[in-house]
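Notes follow the structure.
Sequence lines set the chain letters: A, B, ... in the order given, protein chains first and strands last, and positions in each chain run from 1.
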Number of protein chains: 2
Amino acid sequence: MRLRHVLLVLIAERPHTGYDVTQRMQKTMSMIWSAHHSQIYPELAAMEADGLLTCEAGAGPGPREKKTYTVTEAGRHELRIWLGSPYQPRAPKDELVLRAFAAASADPAELAAVYEEETRQIEGRLARYATIRAEVEESGHTDDPTRPEFGHLLSLLHGIAVAEARLVWCRDTVRRLRAADLVR
Amino acid sequence: MRLRHVLLVLIAERPHTGYDVTQRMQKTMSMIWSAHHSQIYPELAAMEADGLLTCEAGAGPGPREKKTYTVTEAGRHELRIWLGSPYQPRAPKDELVLRAFAAASADPAELAAVYEEETRQIEGRLARYATIRAEVEESGHTDDPTRPEFGHLLSLLHGIAVAEARLVWCRDTVRRLRAADLVR
DNA sequence: GGATGCTATGTCAAAACTGACATAGTTGGG
DNA sequence: CCCAACTATGTCAGTTTTGACATAGCATCC
């Protein structure tokens, strides 16, 4: 039940619909977590059944009602329990680095192209992060730990730091692969 | 079928038993991938059934036979296909950063303790990486792209670069949380 | 002599996740 | 006027992953 905590974190900030949560995961939170709506909607229903959320339904654009969820006191309690529990890192799964690990089985030039493309992707991501960072810092609430913006900035700074490290690594990897390809 | 490719990468280097693969995932490859043996053994059997691996069985220490798997020509072909296919990044899931994102719902001092502990964990990890790096570089095959050590060094350099970036971020996060806790 | 840990392989139920299918109103552009 | 995109919620089958249970010889330490 890890998605449960992600949903609690988001909805604790302010009420959300399932659609809102899905959007935020794809945008602001994409460097931390992601889930499809097909996983989110059932989980929200289960959390309501377990008393962690309450739901207010109104007219929706489609054939179904639009449901806005709010965290209950039990939900906030559960969130605090989780935040105080010891952190156990999970297995990272990084296909990009796995390909580098397998370099001996690959064509160096072909692999270099993969990392060159990734370099461009990361540059784009860093530009988007810079925009978001400016917005968050403009809000002026980044020093107040009771405001969501405080945590948002922290996670954003992590995203930027890791993206920069990966960018440097990607460029170095391209260089090493090209050098190896010439020797061959 | 992503575990399949991880297994192909490892067994393409040299023959492995299921146990060997499990060990290597926990040690050398821990920063790239991990899987429990309960997932590995059935997958190896499926890969043999699909003709990607061949298996040689001998006497084992327990009640069952020890099985050593080798990659077939079909397996090497499948591996090359995958290495040439476009890379599509998957959703990273980072519980450590999620907690920072949720800072507004947490006790700053309690959260700072989590990141202080993580700082120590990363320092330990970096020390282990440095040892492995020295071993790999001592082998003298890190410039030869046909040798597994070439790829091993690449992935190790990624692990080091990302760990260092996270270390800096963790320290900064502790500092920000402590400052916020004093203001409160 | 007993406890612990390592080698070694397996099963199984449950949980988590993915990708596709399904529905329908509104808004904006060409 | 039609097409595309956006808002909004749901199901379902299949795949992947986790965590627990199960077995047994051998080595090492106390």
Please encode protein proximity along nucleotides 20-28 of chain D as a string of B, S and -, counting only heavy-atom distances under 4.0 Å. B--BBS---
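For CZ of A/Arg4, the number of neighbouring non-hydrogen atoms (other residues, nucleotides, ligands) closer than 6.0 Å is greater than 12.
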Can you check salt bridge (charged side-chain N to carboxylate O under 4.0 Å, His left out) on A/Glu56 and A/Lys66, steps first, answer last? CA-CA 8 Å; A/Glu56 219 180 325; A/Lys66 173 176 160 166; over 6 Å; no
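Distance A/His36 NE2 to C/dA20 P: 9 Å, rounded to the nearest Å. Computed from coordinates, the B/Arg4 CZ to D/dT15 P distance equals 11 Å when rounded to whole Å. We find that NZ of B/Lys93 is positioned 12 Å from C1' of C/dA15, with the value rounded to whole Å. When the P atom of C/dT18 is taken as reference, atom CD of A/Glu43 falls 14 Å away, rounded to whole Å. Between the CE atom of B/Met47 and the P atom of D/dT15 there is a distance of 17 Å, rounded to whole Å. The CE-C1' distance, from B/Met25 to D/dT17, rounds to 12 Å in whole Å. When rounded to the nearest whole Å, the span between CG of B/Asp20 and C1' of C/dA8 equals 10 Å. Look at CD on A/Gln39: it is 17 Å from P on D/dT9, rounded to the nearest Å.
Looking only at distances, no side-chain donor or acceptor of B/Ser139 sits under 3.5 Å from a matching main-chain atom of B/Glu135. Looking at A/Ser155, its side chain never comes within 3.5 Å of a backbone N or O of B/Val97 through a donor-acceptor pair. Checking side-chain atoms of A/Tyr115 against main-chain N and O of A/Leu96 turns up a donor-acceptor pair under 3.5 Å.
Put simply, B/Tyr41 has no side-chain N or O that comes within less than 4.0 Å of OP1 or OP2 on C/dG10. The shortest distance between the side-chain N/O atoms of A/Thr17 and the OP1/OP2 oxygens of D/dT9 is below 4.0 Å.
Nearest nucleotide to the B/Gln23 side chain, out of D/dA8, C/dT7, D/dT17: C/dT7. Picking from C/dA8, C/dC17, D/dT17 the nucleotide with the shortest atom distance to the side chain of B/Trp33 gives D/dT17.
Toward the 5′ end of DNA chain C lies the nearest nucleotide of B/Lys66, the other residue of the pair B/Ala91 and B/Lys66 mapping further downstream. The residue among B/Tyr69 and A/Arg2 whose nearest nucleotide of DNA chain C is located toward the 5' end is B/Tyr69.
Both tests pass for A/Arg99 against the ring of B/Trp82: distance under 6.0 Å to the centre and angle within 45° of the axis.
Below 30°, between 30° and 60°, or above 60°: for A/His152 and B/Phe101 the angle between ring planes is below 30°, a parallel geometry.
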